[in-house]
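In what follows, every heavy atom counts, from backbone to side chain, and hydrogens, waters and symmetry copies are set aside. All residue numbers refer to positions in the sequence shown, counting from 1.
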Amino acid sequence: MRTVNRSAQLPVVVGVDGSRHSLRALDRAVEEAVLRGAPLQVLCGAPTHRLAPGAAREDEGTDAAGGAAGGAAEGADASARARPADEEHRRALARQSRHIAEAAAERARESAPGLEVMPSAVDENAVAALVRAGRRAALTVVGTRGHGGFTGLLLGSVSLRVAAHIEGPLMVVRGDNERPRHAVVVGVEYGTDTDAARYGFEEAERRAAALLVLHAWELPAYPGVMVPPPTRMLEEIAEEQARYEESVPLDAVAGLREAYPNVDARVETVYAGPGHALVEASSAADLVVLAAHRRHRLFGMRLGPVIHAVLHHAHCPVVLVPTAA
């Protein structure tokens with residue numbers, strides 16, 4: 001195992017909001033911090049619910065005879081009364097955030113005596129706070145959804161938005177695997193996904209687990225083509241494509257087996273839908289690691305369909321490793 005300079009360790013950051021899903025993320029973040037010998041930062045962002053403008057305003061009760069001047073005066077008075085009420089509401093929300101962060105930190109300390117735990121309640125929203133903290137974190141951990149999620153929702157908007165923008169590794173804690181599998185799966189799309197593959201080797205070494213580097217692919221369909229290409233041409237295309245696809249995971253792990261000789265690693269290429277193959281592989285894993293190829297779209301950064309499928313349906317926690325598109 002590699003020696004670790006604990007004094008130089010970046011923290012593990014976990015987002016909490018007091019929900020059952022965030023407490024599950026907290027418990028996993030404690031395990032991850034202990035595994036790394038790293039401190040744990042427990043972060044609670046500002047709640048998203050706010051008073052509507054003038055929500056504390058009393059009924060103005062003006063009538064037509066009151067005139068515009070009277071209505072304006074009463075409106076100004078109501079706004080003045082609303083400001084202290086809004087400020088008190090903000091202070092109450094800040095106290096709530098501090099309480100959530102401190103209670104979660106105490107839970108972490110009880111779970112892992114000796115672990116350095118730093119509670120942090122901030123004024124900015126959870127997404128912005130986690131993205132900012134993730135710039136200097138060994139790992140950021142979130143649950144599948146928080147208090148704001150609808151019943152039955154598989155993944156909350158906070159988790160998805162953090163996944164789309166965070167600059168460091170992100171773990172989304174989900175799944176139904178309750179006993180250790182002693183296995184890590186890395187899904188690679190390209191041979192250049194070496195950052196994700198390296199992260200998988202590190203995790204496998206850290207956990208004394210076997211590593212599977214998995215690449216799944218399918219031949220593209222030919223929509224709108226009235227006459228399909230000749231069978232022999234299709235066979236040649238498939239054979240050439242298969243040779244390329246077989247090389248993808250080999251390229252991704254090039255040099256890593258030598259760098260991590262203690263890791264029992266194998267590569268596999270399967271002909272299947274990538275999302276389906278990775279979700280299926282997750283049933284026998286403790287962790288799935290994916291290269292997050294985030295691409296600019298009309299409405300900002302977006303995650304691809306494979307990542308969405310795995311984040312929504314994996315049987316174990318998923319780590320996204322940001323990679324340039």
Side-chain angles (χ1 to χ4, degrees), residues 4-49 90-149 155-175 203 206-207 286-287 311 316-322:
V4 177
N5 180 2
R6 297 193 175 191
S7 64
Q9 275 286 78
L10 296 174
V12 171
V13 174
V14 59
V16 296
D17 64 3
S19 67
R20 174 172 58 89
H21 293 277
S22 80
L23 292 179
R24 185 182 179 191
L26 171 69
D27 293 342
R28 182 58 184 255
V30 169
E31 297 176 12
E32 297 300 323
V34 170
L35 273 174
R36 291 164 170 76
L40 177 67
Q41 181 181 355
V42 179
L43 180 62
C44 183
T48 55
H49 53 280
R90 282 190 288 270
R91 287 197 294 267
L93 291 176
R95 288 194 297 270
Q96 180 186 17
S97 295
R98 287 195 300 271
H99 173 74
I100 290 171
E102 290 166 1
E106 185 58 29
R107 177 186 175 110
R109 294 187 188 102
E110 291 175 359
S111 175
L115 176 65
E116 181 184 353
V117 183
M118 304 168 291
S120 176
V122 296
D123 291 334
E124 59 188 332
N125 69 72
V127 173
L130 287 166
V131 169
R132 177 176 53 80
R135 295 185 186 122
R136 289 190 55 79
L139 177 69
T140 302
V141 183
V142 295
T144 48
R145 60 187 175 93
H147 280 308
L155 193 66
S157 63
V158 169
S159 301
L160 280 174
R161 287 157 61 199
V162 172
H165 294 93
I166 197 164
E167 297 173 19
L170 174 73
M171 174 182 285
V172 178
V173 179
R174 59 155 298 107
E203 289 300 311
R206 185 175 287 124
R207 301 163 196 276
D286 300 312
L287 188 69
L311 287 179
C316 66
V318 179
V319 172
L320 303 183
V321 179

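Here Glu102 does not pair with Arg98 in a salt bridge; the nearest charged N to carboxylate O distance is not below 4.0 Å. Salt-bridge formation is not detected for the pair Arg136/Glu167: no Lys NZ or Arg NE/NH1/NH2 atom is positioned less than 4.0 Å from an Asp or Glu carboxylate oxygen.
The minimum heavy-atom distance linking Val16 with Val42 is given by the pair CG2-CG1, 3.7 Å. Across every non-hydrogen atom of Gln9 and Pro39, the tightest pair is O-CD, 4.1 Å. When all heavy atoms of Ala133 and Leu43 are compared, the pair lying nearest together is CB-CD2, 4.1 Å. Across Pro169 and Val319, no two heavy atoms sit closer than the pair CB-CG1, 4.3 Å. Pairing each heavy atom of Val127 with each of Val162, the nearest pair is CA-CG2, 4.0 Å. Counting all heavy atoms, side chain and backbone alike, Ala101 lies closest to Cys44 at CB-CB, 4.1 Å.
To the nearest 0.5 Å, atoms CG (Leu130) and CD (Glu124) are separated by 9.0 Å. If you take CD on Glu116 and CG on Leu40, they are separated by 9.5 Å, rounding to the nearest 0.5 Å. A distance of 7.5 Å separates OG in Ser159 from CG in Leu170, rounded to the nearest 0.5 Å. We find the CD-CZ distance between Glu106 and Arg109 to be 6.0 Å, quoted to the nearest 0.5 Å. Going from atom OG1 of Thr140 over to atom CG of Leu320 covers 11.0 Å, rounded to the nearest 0.5 Å.
With Thr144 contributing its side chain and Val172 its backbone, the two residues share no donor-acceptor pair below 3.5 Å. Side chain of Glu32 to main chain of Val12: no donor-acceptor pair is present (N/O by atom type, distance under 3.5 Å, no hydrogens or angles). Side-chain N or O atoms of Ser22 include one that pairs as donor or acceptor with a backbone N or O of Asp17 at under 3.5 Å. With hydrogens and angles disregarded, no donor-acceptor distance shorter than 3.5 Å links the side chain of Ser111 to the backbone of Arg107.
Residues that satisfy the salt bridge (charged side-chain N to carboxylate O under 4.0 Å, His left out) test with Arg24, not counting sequence neighbours, are absent from this structure. Qualifying salt bridge (charged side-chain N to carboxylate O under 4.0 Å, His left out) partners for Arg95, counting only residues two or more places apart in sequence or in other chains: Glu88. Partners of Glu31 according to the side chain to side chain contact (heavy atoms under 4.5 Å, CB included) rule, which considers only residues two or more places apart in sequence or in another chain, are Arg28.
The side-chain heavy atoms of Val142 and Val158, taken from C-beta on, include no pair separated by under 4.5 Å. Side-chain contact between Arg132 and Val122: present, with at least one pair of heavy atoms (C-beta onward) separated by less than 4.5 Å. Looking at Met171 and Leu287, their side chains come closer than 4.5 Å, going by heavy atoms from C-beta outward.
Counting non-hydrogen atoms of other residues, nucleotides and ligands closer than 6.0 Å to CZ of Arg135 gives a total above 12.
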